[in-house]
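Remarks on the structure that follows.
Numbered from 1 within each chain, the chains take letters A, B, ... in sequence-line order.
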There are 4 protein chains.
Amino acid sequence: MTEFGDSADSTSVAKPECQPFGRPAAGEDPIKREQILDGAQCIFMRMGFDAASMNDITREAGVSKGTLYVYFKNKEDLFAAIITRQKLAIYALLEDLLAKKLSLEETLYQFGVILATHLLSEKAIRGQRIVIGVIDRMPELANTFFAHGPNSGPNMFANYLHKQVELGKLKPMDDAVLISRQFGDLCLAGLFRPRLFGEMKEPPPAERIEKNVETAVRLFMNAYGR
Amino acid sequence: MTEFGDSADSTSVAKPECQPFGRPAAGEDPIKREQILDGAQCIFMRMGFDAASMNDITREAGVSKGTLYVYFKNKEDLFAAIITRQKLAIYALLEDLLAKKLSLEETLYQFGVILATHLLSEKAIRGQRIVIGVIDRMPELANTFFAHGPNSGPNMFANYLHKQVELGKLKPMDDAVLISRQFGDLCLAGLFRPRLFGEMKEPPPAERIEKNVETAVRLFMNAYGR
Amino acid sequence: MTEFGDSADSTSVAKPECQPFGRPAAGEDPIKREQILDGAQCIFMRMGFDAASMNDITREAGVSKGTLYVYFKNKEDLFAAIITRQKLAIYALLEDLLAKKLSLEETLYQFGVILATHLLSEKAIRGQRIVIGVIDRMPELANTFFAHGPNSGPNMFANYLHKQVELGKLKPMDDAVLISRQFGDLCLAGLFRPRLFGEMKEPPPAERIEKNVETAVRLFMNAYGR
Amino acid sequence: MTEFGDSADSTSVAKPECQPFGRPAAGEDPIKREQILDGAQCIFMRMGFDAASMNDITREAGVSKGTLYVYFKNKEDLFAAIITRQKLAIYALLEDLLAKKLSLEETLYQFGVILATHLLSEKAIRGQRIVIGVIDRMPELANTFFAHGPNSGPNMFANYLHKQVELGKLKPMDDAVLISRQFGDLCLAGLFRPRLFGEMKEPPPAERIEKNVETAVRLFMNAYGR
DNA sequence: TATGAATGAGGGTTCATTCAT
DNA sequence: TATGAATGAACCCTCATTCAT
């Protein structure tokens, strides 16, 4: 795999169990790690990938170059970690939602609203723009948005759909992952491209998103509901 | 206007009628201009905006640095010219189509197929990725995709819609430009994001696009048809 | 102030009192700073401002490009620092002299000799040539030779003259700064232009300067002495 | 000698005697030559030697690059021709004066006024600055200001002095050329350096120059008059 | 003869990364 | 372990000069 593949290491959450006292091992202090990610996110989102300099980032994060390079192998790795963090934050929200055991339609609706609200937020849009801009150099990173690992958003939702099929709430479906992506796409329909290309300068108002998601849920239920 | 605005000059097609013989004026030889654009397009699409170096481009295009800078005032201008060329090529196809005076539904269908086929092609996807990646530095360039100039794609289509309204084929509509964009979005539904993020490695097969567009036309006609 | 004004920062002497041990802060090691200035002075004086390349300078100074740009923000700033260093060195000599409290005539004489000897030295002549050559781009730098800051040469001498007036040794004078400049001019009379234009290849011998200054002192005392 | 030495060729006045009719030989049309010099002078004086580009000059002069390079071997040669032209213009004025056979003192006075007025003019000051700035690359050019050729200013004046000695109007003198330079220096005393370093932004008013020259003449006559 | 398009070395400057402290 | 000074390749762009037309 590409060298980007290695970044899974620095991306995984630090495990502090071996150092209950004293200074954490090099590159293992989760607080410092977050501090670096916060600073780097700020700079990357403001400047883009290439225009952001590691110096800017160290300054913003308040750490030294050496420390930065202990926590992250290089600029790409650092950026990947930021994107991963963003993604995991959304996944966590979605996971919480699914754990709530709401009705199917309410779940679909909430799921769509959370997804759309976050993916269309300024922060996420900027992140997605950068990811898209460096896709040739870091192709794995873009994939990451779709379906990596069993806890990824689409897989999580696909599992939910499967369960609903077993419960008889939905018709049997061949490729639940594909369908879960299509549902996501439907929730973003008409909003994503204008946001991405900067035509829509602000995130759409909540009502706009809600209406979009309602339509998406209706279409989804028409197609797969029982 | 912004400095990007100037690029319209170098973007406008050279007018060869005055120079049937002899050497073309500096920066005015359309063949050399195309040669440079071809080379630059190749490099930009392969490497992205920042990673592409002007040296790479001169090598690929087979011209010297000096010549390059006679035709294009800087890297941004050169890139803008490439994107504009792509855009104009699509507009030309769409214009040809509208000139054919097919039936409304056939026109909608053909329009959608052409649009989707081109916007999802490898070349266009790569171009759009780069545009998105440099959107903070060149915001005009992204706008260009939507509705600049009376002959832009959305405006052209909006004019067509207006005429159909006058002919009584469509219901009156408030914002034809918005609606024409929504129609375009619909044609790309479920395809654009996977292509943009590299999940769908190849352009979708023609049948896939056609099915998408059929659905889009049906929805459109349900909403606005008479 | 102009961007040249900023250079005062990099020009000010580093304050080493805080860093008795360890590595000096970036751009703050006075030894390295001198090393760069020495190398740059050598190159600038040999080639002139434009013909000197930053590469030449790094090579001569034995530092890398990056280091050079940590200490000096650009070529102009670097050159300004060299000139300022030269100027300050002369000012220091003149200040020492004035502190000696010699007789008025002896002071005038010594002042003139020091001034002329230094301004006509090869190093200073070359520096002045370059300053003159770039005067349109760096006008502040040329002014610097005349009367900036309370410790500048002319002001320092003007203060001395004022004191002598108060002591009754000299007649009251309207514009002591102007007069102190005229005295300097007189000390250089007949020597400055030939040196500047390269007709006089070597600095004039000490006796020549002394004779010039004697004449200048005599004229001065005739005009302003009591 | 340096390659600059060759420039004597392009500096000498074109001799059109062989081409009474038709187009002048390449690089021999004196009108075009003047046209180029005018444009180049304008650009050089405005921008300095290095910052002036040959493109700017061709544009200002209204000739093509090729033509420019037919008339002048290179940038240095072109600049040398401008300086030579300025110098010759002053020499011509001085020669006219000497031909008038005025009284000794009147001649000295007029000579000094003409010299100072021209050398302190904005055009000449800018020219001298540039000459000084490139003196390492074009040392001959600076010498040119002092005493090249039998018709140079100082030699011309020295000849005049010799004749006055023979007429018994002046005391015998060892080095008339040196003395004539000193006289020139005296006429510029107190004015040249402030002008050159840009402290005196405008040429001094006529009265100021006249007073300076009167003093110079008086000193001269005290020293050498009979 | 006159033109100006083309060349490409070289300019100043930046910045990801390393490693002595 | 943490620091940040140092590195130097690579960046975009300019321009004196040449030579095909």
Output the rounded distance in Å from [atom1] ([X]) to [atom2] ([N]).
{"X": "A/D77", "N": "E/dA16", "atom1": "CG", "atom2": "P", "value": "15 Å"}
{"X": "C/R59", "N": "E/dG10", "atom1": "CZ", "atom2": "P", "value": "11 Å"}
{"X": "D/L68", "N": "E/dA2", "atom1": "CG", "atom2": "C1'", "value": "12 Å"}
{"X": "D/L78", "N": "F/dC15", "atom1": "CG", "atom2": "C1'", "value": "15 Å"}
{"X": "A/F72", "N": "E/dT18", "atom1": "CZ", "atom2": "P", "value": "16 Å"}
{"X": "B/Y71", "N": "F/dT14", "atom1": "OH", "atom2": "C1'", "value": "18 Å"}
{"X": "A/I57", "N": "F/dG4", "atom1": "CD1", "atom2": "P", "value": "16 Å"}
{"X": "B/K32", "N": "F/dT21", "atom1": "NZ", "atom2": "P", "value": "11 Å"}

CD1-CD distance between D/I83 and D/Q41, expressed to the nearest 0.5 angstrom: 8.0 Å
Between C/G62 and B/D56, whichever has its closest DNA chain F nucleotide further toward 5' is C/G62
Show the nearest heavy-atom pair for residues C/I36 and C/A61, with the distance to one decimal. CA-CB, 3.9 Å
Determine the minimum heavy-atom distance between C/A81 and C/L37, stating which atoms define it. CB-CD2, 3.8 Å
Apply side-chain contact (heavy atoms from CB on, under 4.5 Å) to residues A/F79 and A/V131 and explain how you reach the verdict. CA-CA 9 Å; A/F79 180 65; A/V131 167; 4.0 Å; yes
Convert the base pairs of DNA chain E into dot-bracket notation, remembering that pairs crossing earlier ones are written with [ ] and that bases paired across to another strand are shown as |; include only Watson-Crick or G-U pairs under 3.5 Å. .||||||||||||||||||||
Of residues 38-48 of chain B, the positions that come close to DNA chain F - non-hydrogen atoms, cut-off under 4.0 Å: none
Check against side-chain contact (heavy atoms from CB on, under 4.5 Å), A/Q35 and A/D38: CA-CA 5 Å; A/Q35 177 187 339; A/D38 289 342; 5.6 Å; no
Non-neighbouring partners of [X] that pass side-chain contact (heavy atoms from CB on, under 4.5 Å), sequence neighbours left out:
{"X": "C/A51", "value": "C/M47, D/R137"}
{"X": "B/K75", "value": "B/F44, B/F49, B/M54"}
{"X": "A/K65", "value": "A/N55, A/T58"}

Could you check C/R126 against D/I135 for side-chain contact (heavy atoms from CB on, under 4.5 Å), going step by step and ending with a plain yes or no? CA-CA 9 Å; C/R126 285 175 177 272; D/I135 206 165; over 6 Å; no
Beyond-backbone contact of C/M45 with C/I82, side-chain heavy atoms, under 4.5 angstrom: yes
Verify side-chain contact (heavy atoms from CB on, under 4.5 Å) between B/E76 and B/V134, making sure each step is shown before the conclusion. CA-CA 10 Å; B/E76 291 195 2; B/V134 298; over 6 Å; no
If you restrict it to nitrogen or oxygen atoms, what contacts under 3.5 Å exist between nucleotides 12-15 of chain E and the protein, and what is each distance?
unit_1 : atom_1 : unit_2 : atom_2 : d
E/dG12 : OP1    : C/A52  : O      : 3.2
E/dG12 : OP1    : C/K75  : NZ     : 2.6
E/dG12 : OP2    : C/M54  : N      : 2.9
E/dT13 : OP2    : C/Y69  : OH     : 2.6
E/dT13 : OP2    : C/K75  : N      : 3.0
E/dT13 : O5'    : C/Y69  : OH     : 3.3
E/dT13 : O4     : C/K65  : NZ     : 2.2

